[in-house]
Amino acid sequence: MPVEEFVAGWISGALGLVLGHPFDTVKVRLQTQTTYRGITDCMVKIYRHESLLGFFKGMSFPIASVAVANSVLFGVYSNTLLLLTATSHQERRAQPPSYTHIFLAGCTGGFLQAYCLAPFDLIKVRLQNQTEPVAQPGSPPPQYQGPVHCAASIFREEGYRGLFRGAWALMLRDTPTVGIYFITYEGLCRQYTPEGQNPSSATVLVAGGFAGIASWVAATPLDVIKSRMQMDGLRRRVYQGVLDCMMSSVRQEGLGVFFRGVTINSARAFPVNAVTFLSYEYLLRWWG
Ligand SMILES: C[N+](C)(C)CCCC[C@H](N)C(=O)O
C-alpha cells in the first residue's frame with residue numbers, strides 16, 4: 001500500500017488547520033450558543049473577553065489529530081482509487097478515473113476518517129465552547145483544563161462511549177460530502193487543465209477552495225446536528241439520537257437551523273482547502 005499519500009495528507013492537513021482554526025471557533029460558538037448576534041459580534045466578543053488567544057482555543061489537539069484524520073482521508077481515498085482503477089497517483093493524469101470511482105473512493109475516505117476524528121472532534125468542540133477568559137488569575141477554572149483533562153473527564157463521567165458522542169452524525173456528515181469534495185476538485189481541475197498535464201498552482205488553489213466550499217455547504221446541516229450532539233450530555237441528556245436532535249432543533253428554531261454557520265464554514269473552507277490541496281499535490285510531485 002503506497003504510504004506517501006498518507007504523509008502528504010498529514011502535512012497538508014496541518015497547514016490547512018492552523019489557517020482555519022479561528023474561523024472554526026467562531027463557527028462552533030455560533031452553532032451551539034445563542035449569545036452572539038452574528039459573525040462580527042462573535043469575533044468582537046471573543047477578542048474583547050478572551051483576546052486573540054480565544055480564537056485558538058482547542059487548537060493544540062486538532063493540530064495532531066485533524067492532521068491524522070486528513071492523512072486517513074487522502075491516504076484511503078488514493079488507495080481505494082488504486083483498488084478500483086489500478087492506477088497510482090502519478091498515472092491518474094494520463095488515465096483519469098471515472099467520477100463514480102472518485103465518488104466511491106471519497107465516500108470510503110470520508111467514512112474512515114470520521115471514525116478516527118470523532119473523539120478528537122468532540123474534545124475540540126467542548127473546549128471551544130468554554131467561554132471563560134484564557135488564564136485569568138483568581139477566576140474560577142473552566143470545567144476542562146485542556147485536551148487531556150477533557151478526555152479524562154469525559155471518560156470518567158460518560159465512559160468510553162461518551163468519547164464517541166456525535167460520531168454517528170459525524171459519519172453521516174462526512175461519508176457523502178467527502179465524495180462531493182473530491183468530485184468538485186477533480187472536475188474543476190480537469191475543466192481548466194489541458195489533457196494529460198498537471199493542473200497549475202492557480203488551478204489547484206481555486207479547485208481546492210471550491211471543493212472545500214461545495215462539500216461544507218452540503219455538510220453544514222449535519223454539522224450543526226453533530227456539534228449539538230457533542231455538547232449534549234454535558235449536564236443532562238436532551239436528545240435521544242440524531243433524528244431526535246434534528247426534529248427538536250427544527251421545531252424550536254425552524255429550518256434555518258440547518259444553515260447555522262454556513263457562511264463562516266464557507267469562508268473558512270476556501271483558504272483551508274486551497275492550501276491543503278496545493279501542499280498535497282506539490283508534496284506528491286516532489287516525491288514522485
Ligand atoms: C466533508 N467535509 C466538508 C466535512 C470536510 C472535508 C474537508 C476537510 C478539510 N480538512 C477541512 O477541514 O475543510
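Because the structure is a prediction, the values reported are computed rather than measured. As the structure lists them, so they are numbered: ligands from 1, and atoms in each ligand from 1.
Counting atoms of ligand 1 from 1 in the listed order, those under 4.0 Å from a heavy atom of Arg173 are 4 (C). Which parts of ligand 1 touch Val178 is read off a 4.0 Å heavy-atom cut-off, strictly below it: atoms 1 (C).
Closest non-hydrogen pair, Ser227 versus Val125, comes out as O-CG1, 4.4 Å.
Between Arg29 and Glu50, at least one side-chain N (NZ, or NE/NH1/NH2) sits under 4.0 Å from a carboxylate O, which counts as a salt bridge. Under a 4.0 Å N-O distance rule, the pair Glu281/Arg92 does not qualify as a salt bridge. Ion pairing between a basic and an acidic side chain is recognised when a charged N comes within 4.0 Å of a carboxylate O; Glu158 and Arg126 show such pairing.
In terms of polar-atom proximity, defined here as any N/O pair under 3.5 Å, Ser215 makes no such contact with ligand 1.
Contact annotation: for Asn273 versus ligand 1, heavy atoms closer than 4.0 Å belong to the side chain alone.
Closest heavy-atom approach to atom 5 (C) of ligand 1 among the candidates Tyr181, Phe23, Trp216, Phe182: Trp216. The heavy atom nearest to atom 2 (N) of ligand 1, out of those in Asp174, Thr220, Asp223, is found in Asp174.
To the nearest 0.5 Å, atoms CZ (Phe182) and OG1 (Thr80) are separated by 10.0 Å.
Nearest to atom 12 (O) of ligand 1 among the protein's heavy atoms is Arg268 NH2, 2.8 Å. Shortest contact from atom 1 (C) of ligand 1 to any protein heavy atom: Thr177 OG1, 3.1 Å. Nearest protein heavy-atom contact of atom 10 (N) of ligand 1 is Asn70 OD1, 3.6 Å.
Here Arg190 pairs with Glu186 under the salt bridge (charged side-chain N to carboxylate O under 4.0 Å, His left out) rule; sequence neighbours left out. For Glu253, the salt bridge (charged side-chain N to carboxylate O under 4.0 Å, His left out) criterion is met by Arg228, Arg260, not counting sequence neighbours.
Using a 4.0 angstrom heavy-atom cutoff, Thr276 does not count as in contact with ligand 1.
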